[in-house]
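Worksheet for the structure shown next.
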Number of protein chains: 2
Amino acid sequence: MKHIRYDLKSSSPCHCLNIRRASRAVTQFYEKVLEPSGLKVTQYSLLRNLERVESVSMSALAKTMRIDRTTLNRNIKPLMNAGLIMVNSGEDSRSRHVMLTDAGKAALVNAWALWGEAQTLLEEYLGVEELDVFEKLLSKLEALTR
Amino acid sequence: MKHIRYDLKSSSPCHCLNIRRASRAVTQFYEKVLEPSGLKVTQYSLLRNLERVESVSMSALAKTMRIDRTTLNRNIKPLMNAGLIMVNSGEDSRSRHVMLTDAGKAALVNAWALWGEAQTLLEEYLGVEELDVFEKLLSKLEALTR
DNA sequence: CCCAAAAACGTGTATATACACTTATTATTT
DNA sequence: AAATAATAAGTGTATATACACGTTTTTGGG
């Protein structure tokens with residue numbers, strides 16, 4: 001197998017640490033821009049995924065969002081407390097269905113513009129070509145554990 | 001400004017979510033390989049950063065590792081409880097200095113081999129060229145918030 | 001129809017992350 | 001030397017993440 005050199009810009013040789021750090025940086029960047037909305041980027045994402053469906057079961061939502069089911073279970077709490085989403089039990093009495101409230105829809109309108117700002121700023125920061133490579137890489141990496 | 005198309009592989013348009021997802025996938029991959037060592041990748045990283053210094057203050061360590069100082073403060077707890085590191089107060093009585101214990105050094109030997117496996121597997125998964133692009137991108141992104 | 005397997009969730013526990021505040025100590029300025 | 005700045009840490013609080021387990025229903029044979 002070929003030998004890999006470690007003389008890259010990043011000071012850590014560990015690819016895992018490097019992506020974790022980059023992820024933190026990008027997250028902090030988005031959070032700062034989203035701050036006036038009162039939503040975290042994860043919360044914005046959750047609401048956004050509810051926008052186009054009437055209601056959706058916990059498991060289905062977790063699958064769509066590609067996050068752990070139990071993580072979703074914790075993440076919906078603050079949004080419920082803020083009155084942005086509602087949870088009802090569906091026909092199948094095992095499942096619970098999540099849906100946006102009117103307040104949730106309103107919050108999304110506000111946050112959407114802010115998210116767009118962050119998104120555009122990042123796109124300008126990377127540039128079209130790097131952005132393309134970036135997204136392809138992320139997609140490939142996400143498939144690593146499947 | 002140029003219009004960016006969203007017809008990439010990744011199903012989410014949000015770059016922040018995408019890197020967070022990729023980060024989770026890579027993390028889970030490394031964690032699984034590191035599992036026999038009893039160390040998380042973050043913990044391995046922390047120990048690793050202590051390997052080449054006698055002892056180091058909390059702030060200096062946080063800076064080197066490029067993690068939040070208060071995050072480091074929480075992250076050292078499990079390693080202290082496991083007896084892998086020690087914390088003493090330095091000359092300056094404001095500061096606390098962290099150092100590896102013998103158990104910590106021993107744990108590192110074991111974990112190092114496992115980390116190497118994960119690292120190699122990821123490198124093979126991406127290939128040399130993509131890996132290079134990957135690391136350059138991460139480095140650039142990390143600089144986003146500075 | 002009954003029972004075992006599968007599906008859908010929730011909880012306990014533990015780690016990771018980071019902002020806002022506070023405290024203690026050292027360094028600087030007047 | 002006293003007052004003020006800056007430095008080094010810790011804590012409160014809140015969110016995010018995910019593994020291991022347990023519970024409740026529903027389904028699918030037999």
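Since we're looking at a predicted model, the values are computed, not measured. First the proteins, then the strands, lettered A, B, ... as listed; each starts at 1.
- Remark: side-chain polar atoms of A:Asp132 are not paired, donor with acceptor, to backbone N or O of A:Val128 under 3.5 angstrom.
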Could you go through B:Arg48 and B:Glu51, starting from their C-alpha distance and side-chain angles, then the distance that decides it, and tell me whether this counts as salt bridge (charged side-chain N to carboxylate O under 4.0 Å, His left out)? CA-CA 5 Å; B:Arg48 196 82 172 141; B:Glu51 208 172 21; 2.8 Å; yes
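- Taking a pair to require two hydrogen-bonding distances under 3.5 Å in either a Watson-Crick or a G-U wobble arrangement, C:dC9 pairs with D:dG22.
- Counting only distance, with no hydrogens or angles, the side chain of B:Glu31 and the backbone of B:Val41 share a donor-acceptor pair below 3.5 Å.
- Side-chain atoms of A:Glu54 and A:His97 include no donor-acceptor pair closer than 3.5 Å.
- A syn orientation is assigned to D:dA5, its glycosidic angle lying within 90° of 0.
- Contacts classified as side chain to side chain donor-acceptor pair (under 3.5 Å) and involving residues 72-88 of chain B (residues at least two apart or in different chains) are not found.
- Remark: the backbone N or O of B:Gly127 is not paired with any side-chain donor or acceptor of B:Glu130 at under 3.5 angstrom.
- Among the atoms of the strands shown, only primed sugar atoms or phosphate atoms (P, OP1, OP2) are found under 4.0 Å from some heavy atom of A:Ser59.
- With hydrogens and angles disregarded, a donor-acceptor distance shorter than 3.5 Å links the side chain of A:Tyr125 to the backbone of B:Lys140.
- Under the 4.5 Å side-chain heavy-atom criterion for Ile, Leu, Val, Met, Phe, Trp and Tyr, B:Met86 and B:Met58 are members of distinct hydrophobic clusters.
- Residues A:Val26 and A:Leu121 share a hydrophobic cluster, clusters being chains of Ile/Leu/Val/Met/Phe/Trp/Tyr side chains in contact below 4.5 Å.
- Going from atom CD of A:Glu91 over to atom P of D:dT25 covers 15 Å, rounded to whole Å.
- Under a hydrophobic clustering in which Ile, Leu, Val, Met, Phe, Trp and Tyr are joined whenever their side-chain heavy atoms come within less than 4.5 Å, directly or via other members, B:Leu61 and B:Val53 fall into the same cluster.
- Checking side-chain atoms of B:Thr101 against main-chain N and O of B:Leu84 turns up a donor-acceptor pair under 3.5 Å.
- Here the side chain of A:Arg21 pairs no donor or acceptor atom with the backbone of B:Leu138 at under 3.5 angstrom.
- When rounded to the nearest whole Å, the span between CG of B:Leu72 and C1' of D:dT11 equals 15 Å.
- Between D:dT24 and A:Ser93, no contact under 4.0 Å exists linking OP1 or OP2 to a side-chain N or O.
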Check nucleotides 3-7 of chain D against the protein and report each pair of N or O atoms closer than 3.5 Å, with its distance, or say if there are none.
residue: D:dT7; atom: O2; partner: B:Arg94; partner atom: NH1; Å: 2.8

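- Protein chain B contacts DNA chain C from C:dT15 to C:dT26, reading 5' to 3' and using non-hydrogen atoms of the protein with a distance under 4.0 Å.
- Residue B:Ser95 is classed as a sugar-phosphate contact, given heavy-atom separations below 4.0 Å to backbone atoms only.
- With hydrogens and angles ignored, the 3.5 Å screen pairs no side-chain donor or acceptor of B:Arg24 with any backbone N or O of A:Ile67.
- Contact check of residues 97-104 of chain A against DNA chain C (heavy atom, cut-off under 4.0 Å) returns no residues at all.
- Mapping B:Arg69 and A:Arg74 onto DNA chain C by nearest heavy atom places A:Arg74 at the nucleotide closer to the 5' end.
- For the segment residues 77-89 of chain A, residues with any heavy atom less than 4.0 angstrom from an atom of DNA chain D are, sorted by number, A:Pro78.
- Across residues 24-58 of chain A, A:Arg24, A:Gln28, A:Ser57, A:Met58 each have a non-hydrogen atom less than 4.0 Å from an atom of DNA chain C (numbered order).
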